[in-house]
Amino acid sequence: EEIMDKVILLKKHMKTFYWFKNEKAFDSEGKVIGGVIVKQIKCALLPLSNSDLQRLDRGDVSFTDKKVYTKENLNNGDEFVDSDSQDGYHWTVKAKLDYGYQADINIFVIGGVE
């Protein structure tokens with residue numbers, strides 16, 4: 001098991017992902033400068049619970065969405081790929097889940113993109 005300070009995640013849930021961090025900035029003319037930074041991160045990938053679904057806007061969530069637990073601070077629109085994936089299936093960050101208690105871990109809703 002991997003200990004993330006106060007939160008313990010079981011090894012069987014931990015997966016390695018390649019994170020495509022969207023760090024685009026714009027110059028004074030509105031042209032994109034910067035690009036996408038790739039970083040390898042560890043996350044626990046889990047299904048959404050009924051209470052998660054009740055917290056989220058229905059239009060934002062589909063039944064194929066999942067949630068990830070990670071130390072990283074992801075942003076909406078960031079993408080990542082499962083390092084085990086052979087088919088190039090990738091995920092996009094849709095929302096951050098806030099449970100209102102103090103935890104030293106972030107929980108995000110992610111949606112699959114073909």
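Atom NZ of Lys94 is separated from atom CD1 of Ile110 by 10.0 Å, given to the nearest 0.5 angstrom. Here the straight-line distance linking atom CG of Asp78 with atom OG1 of Thr92 works out to 9.0 Å at 0.5 Å rounding. Within the model, atoms OG1 of Thr70 and CE of Met14 stand 7.0 Å from one another, a figure rounded to the nearest 0.5 Å.
Between Phe17 and Leu45, some side-chain heavy-atom pair lies under the 4.5 Å cut-off. Side-chain contact between Asn73 and Lys96: present, with at least one pair of heavy atoms (C-beta onward) separated by less than 4.5 Å. Residues Leu48 and Val109 form a side-chain contact, since some pair of their non-hydrogen atoms from C-beta on lies under 4.5 Å apart. Inter-residue side-chain proximity for Phe80 and Val93 is flagged as met; some heavy-atom pair is nearer than 4.5 Å.
Closest heavy-atom contact between Lys71 and Ile105: N-CG1, 4.4 Å.
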request  = Start with the C-alpha distance between Lys66 and Trp91, add both sets of side-chain angles, then the distance that settles side-chain contact (heavy atoms from CB on, under 4.5 Å), and finish with yes or no.
outcome  = CA-CA 9 Å; Lys66 304 243 186 271; Trp91 301 92; 3.7 Å; yes
request  = Check the pair Glu72, Cys43 against side-chain contact (heavy atoms from CB on, under 4.5 Å), reporting the backbone distance first and the verdict last.
outcome  = CA-CA 9 Å; Glu72 301 295 337; Cys43 299; over 6 Å; no
